[in-house]
Number of protein chains: 2
Amino acid sequence: MKEPAYRRSEPDARRRSLIEACMRVLGSEGAAGASVRAIAREAGVSPGLVNHYFDGVDALIAETYGEVDRTVRAHLAAAVEGAGSDPRARLEAFVTGSFTAPIADPRLLATWIAFWSLVAARPEIARQHDQHYAGFRQTLEALLADCGVAPAALRRTAIGVTALVDGLWLELCLSPDCFSAEEADGIARRFLDALISTGR
Amino acid sequence: MKEPAYRRSEPDARRRSLIEACMRVLGSEGAAGASVRAIAREAGVSPGLVNHYFDGVDALIAETYGEVDRTVRAHLAAAVEGAGSDPRARLEAFVTGSFTAPIADPRLLATWIAFWSLVAARPEIARQHDQHYAGFRQTLEALLADCGVAPAALRRTAIGVTALVDGLWLELCLSPDCFSAEEADGIARRFLDALISTGR
DNA sequence: GGATTTGTTATACGGTTGTTCAACAAGTCT
DNA sequence: AGACTTGTTGAACAACCGTATAACAAATCC
């Protein structure tokens, strides 16, 4: 429908384009609409090709999870680096980085929801989720430690801040008109103030 | 208007059993597996009956949303009432009430995820979500006000605490082995301590 | 009793799903 | 040039989807 037929392309590029098409479909149609045919149509490719590059549609969705995870981590890492060397500024950059594009994006939420909906039924997706969560919390623990949070309080503080960020991000994506990204920033900063002044 | 007594089974009971079957299917099979046939099989009735009692499968899912919402509200209200008259105890009961059964339950999360996945595509579900969120936050604002949180800080504090509760509840359901309900209780209480001591 | 109302089933229909596979186009090798 | 490899297609398949509807079962009314 778009590209001329029978044109060769790099296999990795094809894989990437299919993953991107999968993300677009998840974003626009939701988890229910992410069928092989819809993804193939979005990528401008025949349905059979999806099963040629991926071991079934579940594998494609799992790989899309990995790609989204990588994007989120890279974006937050860049935000932290861009914040300079002040520990508190780095922590705030990490926390508020989730409230702006491309992370605070209904499309990305739709992708995430699709994964959550698979956690209960598919153990390998559950494992992938646990890994993502563990990595997020670990990064956060390091940033909190640099801000002077006591080692004994590190775990529970990181769990709490992660929950706060997830909750704000979730609602920000689900109903963007409820509160703004700037409000989320302020709320998160205020929470960090309260925690770090009393939590060491 | 006299109630006809010749019905073989109470229609409301049928409706409720179908809603409960819908929740069970959502819990075990995930959002993708919540088909008319699967729900009917779970309820032990024929597929046609679902469309007889509900205006299509989307309506059944929306009604299940309403039922789950009602259950959650009732449970939290009971927890608050059971906590006595101390404002802080009532607030804590409301917050930590989300971390125990029947609210902290993978099945309930699965139901919630199914709704979230419909928010982007269906305005009716989005409206239902906004109402639930607004109600939750409003209740929380009242409890926070009783604890002495200043009116100017009420809105942002309620948004933050709601996010914290949602995030903890979400992770508690998604991977129950990551941290315990008791830990979630402690984390939430610690956050409330930090907020209320500094946030007025 | 028979007529009637109502709950329920079974089936049929058109459409979509994931997956497989023979065929084919385009580049590479000899 | 011909043979071979690789990327891609599009049709086929069985299974499932949501919905509509005619037929059946049971309870009530007259």
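Just so it is clear, the structure is predicted and the values come from calculations on it, not from any experiment. Computed from heavy atoms alone, side chains included, the values below leave out hydrogens, waters and symmetry copies.
The separation between B:D58 atom CG and D:dG18 atom P is 9 Å, rounded to whole Å. Nucleotide C:dA23 holds its C1' atom 14 Å from the NE2 atom of A:H52, rounded to whole Å. Between the CG atom of B:N51 and the P atom of C:dC13 there is a distance of 18 Å, rounded to whole Å. In this structure, A:L18 places its CG atom 14 Å from P of C:dG18, rounding to the nearest Å. For the pair A:D12 CG and D:dG7 P, the interatomic distance rounds to 11 Å; values are reported in whole Å. Spacing between atom CZ of B:R14 and atom P of C:dT8 amounts to 4 Å, rounded to whole angstrom units. In this structure, B:L60 places its CG atom 10 Å from P of D:dT19, rounding to the nearest Å. The CZ atom of A:F54 sits 12 Å away from the P atom of D:dT8 (whole-angstrom rounding).
Judged as a salt bridge (Lys or Arg N to Asp or Glu O under 4.0 Å), and not counting sequence neighbours, B:R41 has no contacts. For the salt bridge (Lys or Arg N to Asp or Glu O under 4.0 Å) test, no residue two or more places apart in sequence or in another chain qualifies with B:D86. Applying the salt bridge (Lys or Arg N to Asp or Glu O under 4.0 Å) test to B:E20 and every residue at least two apart in sequence or in another chain returns nothing. Take A:Y133 and apply the ring-ring contact (aromatic ring centres under 6.0 Å, His included) test, not counting sequence neighbours, and it matches no residue. Among residues two or more places apart in sequence or in another chain, the side chain to side chain contact (heavy atoms under 4.5 Å, CB included) test is passed with A:D105 by A:R107, A:L108. Taking the side-chain hydrogen bond (donor to acceptor under 3.5 Å, both in side chains) definition, one finds that A:R90 meets it with A:E81, sequence neighbours left out.
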Distance-only donor-acceptor pairs under 3.5 Å for side chains of residues 92-102 of chain B, two or more places apart:
{"unit_1": "B:E92", "atom_1": "OE1", "unit_2": "B:R189", "atom_2": "NH1", "d": "3.1"}
{"unit_1": "B:E92", "atom_1": "OE2", "unit_2": "B:R88", "atom_2": "NE", "d": "2.9"}
{"unit_1": "B:E92", "atom_1": "OE2", "unit_2": "B:R88", "atom_2": "NH2", "d": "2.9"}
{"unit_1": "B:T96", "atom_1": "OG1", "unit_2": "B:E92", "atom_2": "O", "d": "2.8"}

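Ranking D:dT8, C:dT8, C:dT17 by closeness to the B:L49 side chain, first place goes to C:dT8. In the set D:dA12, C:dT8, D:dG18, the nucleotide with an atom closest to the side chain of B:R37 is D:dG18.
Across all strands shown, B:V57 has heavy atoms under 4.0 Å from sugar-phosphate atoms exclusively, and none from any base.
Across its full length, the helix from C:dG1-D:dC30 to C:dT30-D:dA1 shows an angle of 20° between the axes of its 5 terminal pairs at either end, rounded to 10 degrees.
For D:dT8, the OP1/OP2 oxygens have a side-chain nitrogen or oxygen of A:Y53 closer than 4.0 Å.
Hydrophobic clustering (side-chain heavy atoms under 4.5 Å, transitive across Ile, Leu, Val, Met, Phe, Trp, Tyr) keeps A:L170 apart from A:L26.
Contact check of residues 39-48 of chain B against DNA chain C (heavy atom, cut-off under 4.0 Å) returns B:V45, B:S46, B:G48.
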As a quick check of understanding, evaluate salt bridge (charged side-chain N to carboxylate O under 4.0 Å, His left out) for B:E67 and B:R70, giving each step before the final call.
CA-CA 5 Å; B:E67 182 60 33; B:R70 231 169 292 129; 2.8 Å; yes
